[in-house]
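Everything on this sheet refers to the single structure shown next.
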Amino acid sequence: MKNFSFYNPTKILFGEGRIKDIAGEIPRESKILVTYGGGSVKRNGIFDEVIAALPGYNIREFGGIEPNPSFETLMQCVEVVRKNNIDFLVAVGGGSVIDGTKFIAAAALYEGEPWDIVKTYGKVIKRALPFGTVLTLPATGSEMNNGAVITHRASRTKLPFMHPLLYPEFSILDPTKTYTLPPEQIGNGVVDTFVHIVEQYLTYPANGKVQDRFAEGLLLTLIEEGPKAIGQPTDYDVRANLMWCATLGLNGLIGVGVPQDWATHMVGHELTALKGLDHAKTLAVVLPAMLDSRREDKKEKLLQYARRVWGIQTGDDDERIDAAIRKTREFFEIMQVPTRLCDYNISADIIPAIIEQLKTHHMNRLGEKMDVTPELVESILEKCL
Ligand code: NZQ
Ligand code: ZN
């Protein structure tokens, strides 16, 4: 296991009815801005519940943060924050609203060109407003990590950034708030969580036995509970387990002391930037081909994954790896997330543009061994058609 420091200050308030505890987490004199997305939280009552839980507070709101939040929209919010001297943000929504709020928290106090925050992957951040979240879509782990992914629409650039000041102060995880999610978003959330875990687990052995067993436990839980979440949308225990899986999948815990990959995510971001495909859908398309093409480098962990996660015991090494990749693809399809580019009416024409984007964004050496080159990505994408 490699040396590591682990720090995660986010306080989790988990369970039904926890929105009412929000006031205890925000200083009384705060000037609050509640941020949200396209309006689902207004329609399903979550927004009103948040406001009702903050009696006597000075509150403003900013809605319209879109999926794959854009720099352009977020800068409008930064103006509102500055003009009204807002000093605490509350994000109510999924990963996009939370990520967007992280950008707002940093940009509101940044004196230079705000896009530099993203362009430098967060390195220029010196200060950020405090913020909390009310999660409505289990998927990204953003509710308990310090990362965000923002899109510059004008230049079709989607990049991640992170900073220790961007952990939420608190996150409310009430599984009943996910009951209104359409099946498509449940599928997206399960696939995104699955791939987060895989990107930290399916690399090469590092003797991180605890991390491996945690990762395998989370994957097994997703495989068991994911399909139930589509069939039984108001089953509390199913939603509770998925929500906690998503948070633990990307709050740092399983990734400490072990190599991490993230090539699938970086290629996926380019697909979203160019084609507007949902984040999880890009992962469902890219991951099976990524694993197939890198099977030699990942051989030991792929065999461990086949055995411990999918119970595959028979066949030679290649047959077991084939079976594990097939099972992975089948699972995504069971979650109603198609796994081929053609399922989304995307043809081979897109491949050169993705390769160009990767080069422009300096993504020339991806993966745990930094050996995933644009040329390799090209051959991987040809398998995704
Ligand atoms: O915008 P509203 O109207 O709220 O509707 C949303 C949106 O249309 C809807 N929704 C959310 N909660 C709902 C609901 N509808 C009904 N009932 C509810 N309870 O779901 C749609 C998708 O929401 P979004 O927030 O975009 O989804 P998700 O949570 O999957 O977030 C995706 C974004 O997170 C980034 C992705 O790149 C993408 O931009 N990621 C962030 C990460 C991080 N910060 O660590 C890591 C991830 O790998 C990921 O890259
Ligand atoms: Zn993701």
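We count ligands from 1, going down the list as the structure has it; atoms in each ligand are counted the same way. Owing to the predicted nature of the structure, the values given are computational and were not obtained by experimental measurement. No hydrogens, no waters, no symmetry mates; every other heavy atom, side chains included, goes into these values.
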Item to check | Contact check: I46 vs ligand 1, nitrogen or oxygen atoms, below 3.5 angstrom | outcome: no
Item to check | Atoms of ligand 1 close to V149 [distance to a heavy atom under 4.0 angstrom, numbered from 1] | outcome: 37 (O), 40 (N), 41 (C), 50 (O)
Next on the checklist: Below 30° counts as parallel, above 60° as perpendicular, anything between as tilted: where do the rings of H196 and W262 land?
Outcome noted: tilted
Checklist entry - For R320, which of D317, D322, D316 qualifies under salt bridge (charged side-chain N to carboxylate O under 4.0 Å, His left out)? => result D317
Next on the checklist: So that I know where these two stand, are F131 and F88 an aromatic pair - ring centroids less than 6.0 Å apart?
Outcome noted: no
Checklist outcome for this item: In ligand 1, the atoms that come under 4.0 Å of a heavy atom of H265 are 48 (O)
Item to check | Pair Y236-E16, side-chain donor/acceptor within less than 3.5 Å | outcome: no
Checklist entry - Contact between G93 and ligand 1, counting heavy atoms under 4.0 Å? => result no
Next on the checklist: Give me the nearest non-hydrogen protein atom to atom 49 (C) of ligand 1 as residue plus atom name, then the distance to 0.1 Å.
Outcome noted: H279 NE2, 3.3 Å
Checklist entry - Any nitrogen or oxygen of S40, main chain or side chain, under 3.5 Å from a nitrogen or oxygen of ligand 1? => result yes
Checklist outcome for this item: protein heavy-atom neighbour closest to atom 2 (P) of ligand 1 works out as G38 N, 3.3 Å
Item to check | Test side chain to side chain contact (heavy atoms under 4.5 Å, CB included) applied to F71 - qualifying residues, sequence neighbours left out | outcome: M75, F103, E113, P114, W115, I150, H152
Checklist entry - Which ligand 1 atoms, with their elements, are less than 4.0 angstrom from a heavy-atom of Q185? => result 20 (O), 21 (C), 22 (C)
Next on the checklist: Does either side chain, that of N84 or that of K31, offer a donor lying less than 3.5 Å from an acceptor on the other one?
Outcome noted: no
Item to check | Check: Q200/Q211 side-chain N/O donor and acceptor closer than 3.5 Å | outcome: no
Checklist entry - Is the Lys NZ or Arg CZ of K42 less than 6.0 Å from the centre of F47's six-membered ring, within 45° of the axis? => result yes
Checklist outcome for this item: The protein heavy atom nearest to atom 29 (O) of ligand 1 is G95 N, 2.7 Å
Next on the checklist: Students should be able to answer this: which protein heavy-atom is nearest to atom 26 (O) of ligand 1, and at what distance?
Outcome noted: S96 OG, 2.5 Å
Checklist entry - Polar-atom distance check: T178 versus ligand 1, any N or O pair below 3.5 Å? => result no
Item to check | Centroid-centroid under 6.0 Å between H361 and H269 rings | outcome: no
Output a table of donor-acceptor pairs, distance under 3.5 Å, between side-chain atoms of residues 217-230 and any protein atom two or more places apart or on a different chain; print 'none' if there are none.
| residue | atom | partner | partner atom | Å |
| --- | --- | --- | --- | --- |
| T221 | OG1 | G217 | O | 2.7 |
| E225 | OE2 | K228 | NZ | 2.9 |

Item to check | Which of the ligand 1 atoms, numbered from 1, are nearer than 4.0 Å to a heavy atom of K177 | outcome: 19 (N)
Next on the checklist: Check for me: within less than 2.8 Å of the Zn ion (ligand 2), which protein N/O/S atoms show up?
Outcome noted: D192 OD1, H196 NE2, H265 NE2, H279 NE2
Checklist outcome for this item: Ranked by distance from atom 12 (N) of ligand 1, the top protein heavy atom is T136 OG1, 2.8 Å
Checklist entry - Checking R307 side chain against I312 main chain: does a donor-acceptor pair fall under 3.5 Å? => result no
Checklist entry - Distance only, no hydrogens: is a donor on one side chain within 3.5 Å (strictly under) of an acceptor on the other, for K301 and T203? => result no
Checklist entry - Which ligand 1 atoms are under 4.0 Å away from a heavy-atom of G37? => result 1 (O)
Checklist outcome for this item: If you compare L137, N146, T176 by their heavy atoms, the one closest to atom 27 (O) of ligand 1 turns out to be L137
Next on the checklist: Can you confirm whether M1 sits close enough to N207 that some side-chain heavy atom of one is under 4.5 Å from a side-chain heavy atom of the other?
Outcome noted: no
Next on the checklist: Less than 3.5 Å apart, any donor N or O on the side chain of T151 or S70 sitting next to an acceptor on the other?
Outcome noted: no
Checklist entry - How would you list, by chain and number, every residue that makes a side chain to side chain contact (heavy atoms under 4.5 Å, CB included) with P352, sequence neighbours excluded? => result none
Checklist entry - To which protein heavy atom is atom 17 (N) of ligand 1 closest, and what is the distance rounded to 0.1 Å? => result T180 OG1, 2.7 Å
Checklist entry - In terms of atom number and element, which parts of ligand 1 are under 4.0 angstrom from non-hydrogen atoms of H269? => result 50 (O)
Item to check | Region of T272 that comes within reach of ligand 1 [heavy atoms, distance under 4.0 Å] | outcome: neither
Checklist entry - Do any heavy atoms of D99 fall under 4.0 Å from ligand 1? => result yes
Checklist outcome for this item: ligand 1 to K158, heavy atom cutoff 4.0 Å, flagged ligand atoms 36 (C), 37 (O), 38 (C), 39 (O)
Item to check | Side chains of N44 and T180, donor plus acceptor under 3.5 Å | outcome: yes
Next on the checklist: If the cut-off is 4.0 Å to any non-hydrogen atom of G147, which atoms of ligand 1 fall inside it?
Outcome noted: 44 (N)
Item to check | Closest protein heavy atom (residue, atom, distance) for atom 45 (O) of ligand 1 | outcome: N145 ND2, 3.0 Å
Checklist entry - What is the nearest protein non-hydrogen atom to atom 39 (O) of ligand 1, stated with its residue, atom name and distance? => result N68 OD1, 3.1 Å
Checklist entry - If you measure only the distance, is there a donor-acceptor pair under 3.5 Å linking the side chains of T10 and S171? => result no
